[in-house]
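This report concerns only the one structure given below.
Numbers restart at 1 for each chain; the letters A, B, ... are given by sequence-line order, proteins then strands.
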Amino acid sequence: MATVDRLTFTNGLSKLKGAAFRLVCLGATAVGVLALAALLLTVTWGALGFDAAHPVWILVVLTATGLSTGGVVTYARRDETVKLAAISSTAALIGGAVLGVFAVVFQLIVTPSVWAAYAGGALLPALVTALVIPNRRYRLPATAAVLVGGGVVATVALDTLTELAGAADPWLLYLLTIVVPLAVLVWTRVEPTAGRRRAGLLAGGLVLAGVAVPLLTPAPDPLTPGLVLVFGLALFSPLGVLAWRRFRNGQSNVGLAAPLVIVGGAVVGVVIANATGFAAADPWLDWQFLTSPHSRLPEDAGLYPAVVGSFFIMMVMAAFAFPVSVGAAIYLEEYAPSTGWRGRIVQLIQVNIANLAGVPSVVYGLLGLAIIARGVSLGPFALWPGTGTGVVTTAAFTLGLLIMPITIISAQEAIRAVPDAHRRASYAMGASDWHTLRNVVLPEALPGILTGTILSLGRAIGETAPLIMIGAATTVYSPPTSLNDSVSAMPMQIYAWAGEFIADFRTGVLSAGVLTLLLAMLAINAVAILVRNRYERNQ
Amino acid sequence: MWYGDDRALHDVDMDIPEHRVTAIIGPSGCGKSTFLRCLNRMNDMVESARIEGAVRFDGTDIYDDAVDPIALRRQIGMVFQHPNPFPKSIYDNVAYGLRVQDEPVDDDVVETALRRAALWEEVEGQLDTSALELSGGQQQRLCIARAIAVDPDVILMDEPASALDPVATAKIEDLIEELAEEYTVVIVTHNMQQAARISDITAVFLTGGNLVEIDRTETVFKNPAHERVEEYITGQFG
Amino acid sequence: MSTPEETARADQPADATDITSRKAGEIQLDTAVRYVFAACGVLTVLVTAGIIYVLIDGAQVFFASDIVDVQGFLTGNTWKPTSKTGDGTYKFGILPLVSGTLIIVVTSAVIALPTGLGAAIYLSEYASPRTRAIFKPTLEILAGVPTIVYGFFALFFITPFLDNFFQIRTFNALSAGIVVGIMIIPMVSSISEDAISAVPNSLREAAYGLGSTKFETTTRVVVPSALSGIISSYVLALSRAIGETMAVTVAAGQSAKMPFYPNVEQNLLQSIETITAAMINVASADIGGNTPAYDSMFALGLALFGMTFVMNLVAEYIAGRYREEY
């Protein structure tokens, strides 16, 4: 039966070859995962000081953490909505933490009284205007007018206003300018669906917490009670919004406790492990590390000025680079001609952007050094005065130019994903380019644009070489408070520690610095992924 | 009418009467959709598009330099082959045209437009839900409501029912007949029965972008002047 | 060509339908907005122009000094910009730096090119959606880890590990090359995967239809079809390796040297200096502006920019060709 033979005949060698090839490819994919795991493990181990701990202590802590994590995972797995709640609440807390650090650094730089002057003079009146005016048509222009007008008034009367605000305790200012308006906002949103009693409880509870937290919790140096309040609000507000949404849609909120259970498990583990009497871990990454500047002694060294510096640079950079990048992306996708000689120029711009994305970051550093820091003059005319070497503005502009190409490319992708049918519908209604863009294209592309910009923030926060080139200091002892201050950044301080003579710097302190940087980067990426997932679910 | 070097329409000369339904039929690729898009200058979006001759609206050539294509499109509404509501609420979709023209949006206008589009009963009370949650037929009627909310003079429809099921199609056809009382409707369709059912005037385009025949619908279908048109209508090609 | 008469008349009553103008300011706003966005696009060109201007201007100052000329820079085999050599002069020869860069590029290529391609094949041809959901984000995170962290990883993890097998220096080219390789794996894998996924399924079906196994289909049909995309990813990744700075500065050391011969293995085990690391060293050394060392950074930058620019263009060209194929 030759035919049957032919059909059933399998070449053993060929099968083996196929299986081996598959295995090799799997191995290649695993290399990256293994490298990342080894990296995270080494860094975490060093930063948390596990090498000082007795194996039994480590075992107890890991078991407790593993049990609580495993418990949460097994429980959440059975129910899709619980799983979703667990994942989103974890992401919301991480996002809240990132937001909190930005908010605190922002407040450190602007100072409470200046913040209060602008909040009281412009932001709050604008908010009131927006809530009071019922007609959709006049709401936006009126709000904008109040915002701008109030801003001008506040700027003119800044000295008087800050003096006035300076008389009050900072946390009181935050209570009035942030907590109370937030409570009002919560009331207006919650009251229609949940009723007066619940809304009142929520808003009242919020104000009460705003009073109690600064008064009752001891503010660890260098945080003030006001900053603790700001951080707390930012930390929990995404979670609060999430819980409210789920409540409104009648979904269970059990899953929201997931991050709490996991952290709780770890804490319980540490308590039990300490009770056993075996040597505990001596973490390098602790509160002291996050709040002190560099020191000659490894035990006293910290990352505080660099953390503030990094986030300060990020804020200034984002304010400059994101609008320009999104603008360029909009031009290329929505306006740019594609035919004729103009079309060829646009093509050239496109190729140029792809090329800029591949220019080594150290070369951007040279650009920052020679033009942004030192200025440009044409003969006797100073075209650009130069911002000076090693200061916040220079760092922010240099990194801004560096991330521009990748931000543009990702924003272009987001804009391209908006269906053409929507544009056509808008144009057929007699909408202008700008109207179509503002009301149809941008709202739909926004989540994608945001994801891309946040990811590029994650890239910028780890950049080192350009900062070295523009003469940023590796170590500064006090955080920058203005745009013209010398600045260091987290990766710069890490670079400095890698070259220290005392061994503890190169192991413990360095690991703590690297872990902080990695956590910041991972948290930023988590926020981007959160935005993307929310968007995809809404589609 | 050219796209680059390709000529899409030849020597088209026709009158479109007011408050009537004018149907444009013809085999695929005959240029009927292209012709429709000439009427509100949507072809301007295509960079290589070029036109010679004139399209007169109220006696004004809409390709005159003085004409603003955007202002023109506010007088000539359009409904597309595939329903394309914006991913906004039903209310915001209908109100879009008014916002475009910076006119006050009031709930009555939205209600009237939805009533005229025979959609009001089905969506009343859920105006704030997303338009994407409607069925295909409802979405298309929403697009019609969106187009008539600004009270245009002319409504262009590019195969408005071809992506819909028979029940939804019937509803759209009834709607078109009603709309003709107030608006001038130009509808492109590949469905000859549809043209026969709803139109007053029928124009037949045949391959190569030539307008072959235009007359009262009855005449075109019962007693066409051209042999080619008769062949097309009796299904011998197309 | 005949003059066509395309007229359509809508016999409307002459009521007040204005089709020639809009509300005041609307058109002006539209135009203004367009120009603002166009200006943003033009800014990207200015950045490139700025980079080229800065590099050429700085390099021209450098070569105008009597310390070194272009030929001496390109053929010199000693790099001593901030400390004097035995004969009492500074030396600016780029060859040892080029050699250092090449060693890193070759080492990282050996690691990353096969691994990245393997990962790309696995992810696009073999992986279940579930495994993809784990591996893809992990590779993305790997691409996002700051390069200085990789330097730290090489110095304190890979070098001590290699020390078990070789007589290796604390600062060495091998561990730096390995981490640069790990760093560029995601770049190779993601671009190659796009190219492999772009191969039409009809080609795979044709191969199966002829009785090929999955292995034969993948290696003889799919991968060759995606070859230009894969090569493009290789070129881009190597360009990235050339420009990589912090990992090699931290892990590979700071001593510029010409390649060892015939003891070739020493090239990996000893410390080296790349072009990028030399720039960082000059920048962090306490030297003022307008010294030859300061200006030399721009000459190095120009060399670096030239190399990566050409490679990026080549990659773009190759990728453009494969996009046209389907």
Between Pro443(A), Ser432(A), Ala428(A), the one whose heavy-atom pairs under 4.5 Å with chain B are most numerous:
Ala428(A)
Go through the atoms of Ile76(B) and report whether side chain, backbone, both or neither lie under 4.5 Å from a heavy atom of chain A.
backbone
Does any backbone or side-chain atom of Arg146(B) lie under 4.5 Å from a heavy atom of chain A? Answer side chain, backbone, both or neither.
both
Between Arg74(B) (side chain only) and Gly430(A) (backbone N and O only), is there a donor and an acceptor less than 3.5 Å apart?
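A pair under 3.5 Å: yes.
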Distance-only, no hydrogens or angles: does the Lys88(B) side chain make a donor-acceptor pair with backbone N or O of Asn439(A) under 3.5 Å?
yes
Can you tell me how far OG1 of Thr436(A) sits from CD1 of Ile70(B), rounded to the nearest 0.5 angstrom?
7.5 Å
Atom pair CE/CG of Met429(A) and Leu98(B) - distance to nearest 0.5 Å:
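If I round to the nearest 0.5 Å, the distance is 7.5 Å.
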Is it the backbone or the side chain of Arg424(A) that comes under 4.5 Å from a heavy atom of chain B, or both, or neither?
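Looking at Arg424(A), backbone and side chain both touch chain B.
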Region of Pro337(A) in contact with chain B, defined by heavy-atom distances below 4.5 Å:
both
Contact check, side chains of Pro85(B) and His422(A), non-hydrogen atoms, under 4.5 Å
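The answer is no, as the side chains (C-beta and beyond) never meet within the 4.5 Å cut-off.
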Tell me every residue that passes ring pair (Phe, Tyr, Trp, His ring centres under 6.0 Å) with Phe86(B), counting only those two or more places apart in sequence or in another chain.
Tyr96(B)
Return the minimal non-hydrogen interatomic distance between Ala425(A) and Asn84(B), and the atom names on each side.
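Result for this residue pair: CB-ND2, 3.3 Å.
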Does Arg416(A) have more than 12 heavy atoms from other residues, nucleotides or ligands lying within 6.0 Å of its CZ?
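Yes.
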Does anything in residues 339-347 of chain A reach chain B? List residues with heavy atoms under 4.5 Å apart, or say none.
Thr339(A)
Let's test your reading of the structure: which of Pro69(B), Gly97(B), Pro87(B) forms the most heavy-atom pairs below 4.5 Å with chain A?
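When all of Pro69(B), Gly97(B), Pro87(B) are compared, Pro87(B) has the most.
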